[in-house]
Number of protein chains: 2
Amino acid sequence: MNIFKLLKKNKLFYNFEDKEINKIFDCLNGHINKYSRGRVVAEIGAPVTEIGIILTGAAVKFIQKPNGELENCGELYAGDMFGEVEGYTGDHTYNSSVVVAEESTILYISVDTIVKQCSNTCACHQKLLENVLSCLAERIDNINNDAKYLKIKSMRGKISKLFYDRYLAQGTETIHLGFNRNEMAEYLNVSRPSMSREMIAMREDGIISFRKDEIVIHNVDELARLANSAR
Amino acid sequence: MNIFKLLKKNKLFYNFEDKEINKIFDCLNGHINKYSRGRVVAEIGAPVTEIGIILTGAAVKFIQKPNGELENCGELYAGDMFGEVEGYTGDHTYNSSVVVAEESTILYISVDTIVKQCSNTCACHQKLLENVLSCLAERIDNINNDAKYLKIKSMRGKISKLFYDRYLAQGTETIHLGFNRNEMAEYLNVSRPSMSREMIAMREDGIISFRKDEIVIHNVDELARLANSAR
DNA sequence: ATACGTTTGTATCTTTAGCTACAAACGCAA
DNA sequence: TTGCGTTTGTAGCTAAAGATACAAACGTAT
């Protein structure tokens, strides 16, 4: 797969032309490295000078618990990046380590040069800057939204909000989760059997029906009421 | 209070000199408005072209639930701002309304000009840009951290993590919360009596003692264990 | 010192979700 | 079609936290 297509999958390069992407290598100290499985490409506490963007392969992120233990806290695939938050916070050091999970290529661009103006009057700086900003701002939106589910205490409330949000986003009474029960339970931070139990109760109440990851909403008003009054 | 001192309380102007702040009004279309109680200064769905920074007074943020109802979702005081997230996300419209709660003055600076380079070679753009970035990145850190408390299921786990985090931050075995029980319970998203019950159980177990918002940690190791193993 | 409002502690009861272990249904490949 | 692994549904029990309502302690102003 060619590098331009790959990079365009990354939000940092939204709206970029091929030739603008090329300029990255001149203006932003862009460079590409290749790693094999097990290689540590970011280490907790180390200074962040570059944003890393996975071009091919995959990597795993680990945070360190105060007792020293490492905990898996997410996976990175082609188009994903790391360091874009830490690069601009407090002490500019990684707060998670990134370990390559399979043979991977990673593009790095310099954190500093993104905000610095360069002598070549290129549009790419400007665009990249806007994209970095949207990227961070969007992330805030997303996390905030996820936190909403966590704050709801009742099982029915959590489920209702999830389904209702999907209904609003997809616009149809038949929605697809892209989750199996396990994943959905994990996302909502509840146990799967308890969740199943409540979904079935909601079905008995005529609010929804479902099969696998396809949910049909039979009583939108009630679902909306549940989602909005959830505490 | 003078405007320079006020602005320096805001993270956007971290590291600014007085004369650099003055440039804001030239380069960034900075302007100040005065409002009385009840005035709506941001409306859900309206385009965001400026970041608003409260100089004096106070305001309240409301989100709109899908049924149309408004819900208080936070207060803004001197030094706080609004629009800095929405200004750089998706459709660049407010997702919460801001209503002035008491006579207030608000400084606005243009969202666009922050990322644009200006002809005057001034350092203020550059600095402001870095500050906007840190601001957003820091926010991500903070929300992520808050979400951690919400994900912990056991009462003891939540309490332990909160106290242990404070212990790590303050570095002393006597920590001050800056919370009363009600506020703490709200922050942890639990009921106050249940929380009280568990705090007392932890005291009986010799882990902590407390009086008002002063907590003394007697068994740091155990607290750490609880905080780190919390599920 | 007293009286009042606020914060914190206590008791009782109920509700809810967690957990475990198992059964049924499904999907897919041999 | 049969069999196997995975996903989903079910049951019973337990533990834990919610709700409510009240009591005690504290702070503070008169």
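Just so it is clear, the model here is predicted, and its values are computed rather than measured. Just so it is clear: chains get the letters A, B, ... in the order the sequence lines come, proteins before strands, and each one is counted from 1.
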Write down the protein N/O and nucleotide N/O pairs, taken from nucleotides 23-27 of chain C, whose separation is under 3.5 Å; answer none if there are no such pairs.
| from | atom 1 | to | atom 2 | distance (Å) |
| --- | --- | --- | --- | --- |
| dG27(C) | OP1 | Arg211(A) | NH2 | 3.4 |

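If you measure from atom CD of Glu214(B) to atom P of dT7(C), you get 18 Å, rounded to the nearest angstrom. Counting to the nearest Å, the P atom of dT10(C) and the CE atom of Met199(B) are 12 Å from each other. If you measure from atom CZ of Arg181(B) to atom P of dT10(C), you get 11 Å, rounded to the nearest angstrom. For Arg203(A) and dG9(D), the CZ to C1' distance is 9 Å, given to the nearest whole Å. One interatomic measurement links the two molecules: CG of Asn182(B) to P of dC26(D), which rounds to 18 Å at whole-angstrom precision. For the pair Ile208(A) CD1 and dT8(D) P, the computed distance is 14 Å after rounding to whole Å. Put simply, CG on Asn180(B) is 5 Å from P on dT8(C), counting in whole angstrom units. Between Asp213(A) atom CG and dT8(D) atom P there is a gap of 9 Å when expressed in whole angstrom units.
Using a 4.0 Å cut-off between a side-chain N of Lys or Arg and a carboxylate O of Asp or Glu, Asp221(B) and Arg225(B) do not qualify as a salt bridge. Using a 4.0 Å cut-off between a side-chain N of Lys or Arg and a carboxylate O of Asp or Glu, Asp205(B) and Arg156(B) qualify as a salt bridge.
Shown here are the side chain to side chain donor-acceptor pair (under 3.5 Å) partners of Arg139(B), two or more places apart in sequence or in another chain: Glu84(B). Applying the side chain to side chain donor-acceptor pair (under 3.5 Å) test to Glu183(B) and every residue at least two apart in sequence or in another chain returns nothing. Among residues two or more places apart in sequence or in another chain, the salt bridge (Lys or Arg N to Asp or Glu O under 4.0 Å) test is passed with Glu138(B) by Lys11(B). In this view, Phe62(B) satisfies the ring pair (Phe, Tyr, Trp, His ring centres under 6.0 Å) rule with no residue, not counting sequence neighbours. Asn189(A) is linked by a side chain to side chain donor-acceptor pair (under 3.5 Å) to nothing, counting only residues two or more places apart in sequence or in another chain. Partners of Asn15(B) according to the side chain to side chain contact (heavy atoms under 4.5 Å, CB included) rule, which considers only residues two or more places apart in sequence or in another chain, do not exist here. By the side chain to side chain contact (heavy atoms under 4.5 Å, CB included) test, Ser134(B) pairs with no residue at all, sequence neighbours left out. Looking at residues two or more places apart in sequence or on another chain, you find a ring pair (Phe, Tyr, Trp, His ring centres under 6.0 Å) between Tyr167(A) and Tyr164(A).
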Heavy-atom contacts, protein to nucleotides 17-22 of chain C, under 4.0 Å, summarised as B (base), S (sugar-phosphate only) or - (none) per nt, yield BBBB--

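At a threshold of 4.0 angstrom between heavy atoms, the contacts of Phe210(A) are confined to the sugar-phosphate backbone, with no base atom among them.
Judged as a side chain to side chain donor-acceptor pair (under 3.5 Å), the pairs with a partner in residues 35-47 of chain A (not counting sequence neighbours) are, in order, Asn33(A)-Tyr35(A), Tyr35(A)-Tyr108(A).
Inter-axis angle, ends of the helix from dA1(C)-dT30(D) to dA30(C)-dT1(D), five pairs per end, rounded to 10 degrees: 30°.
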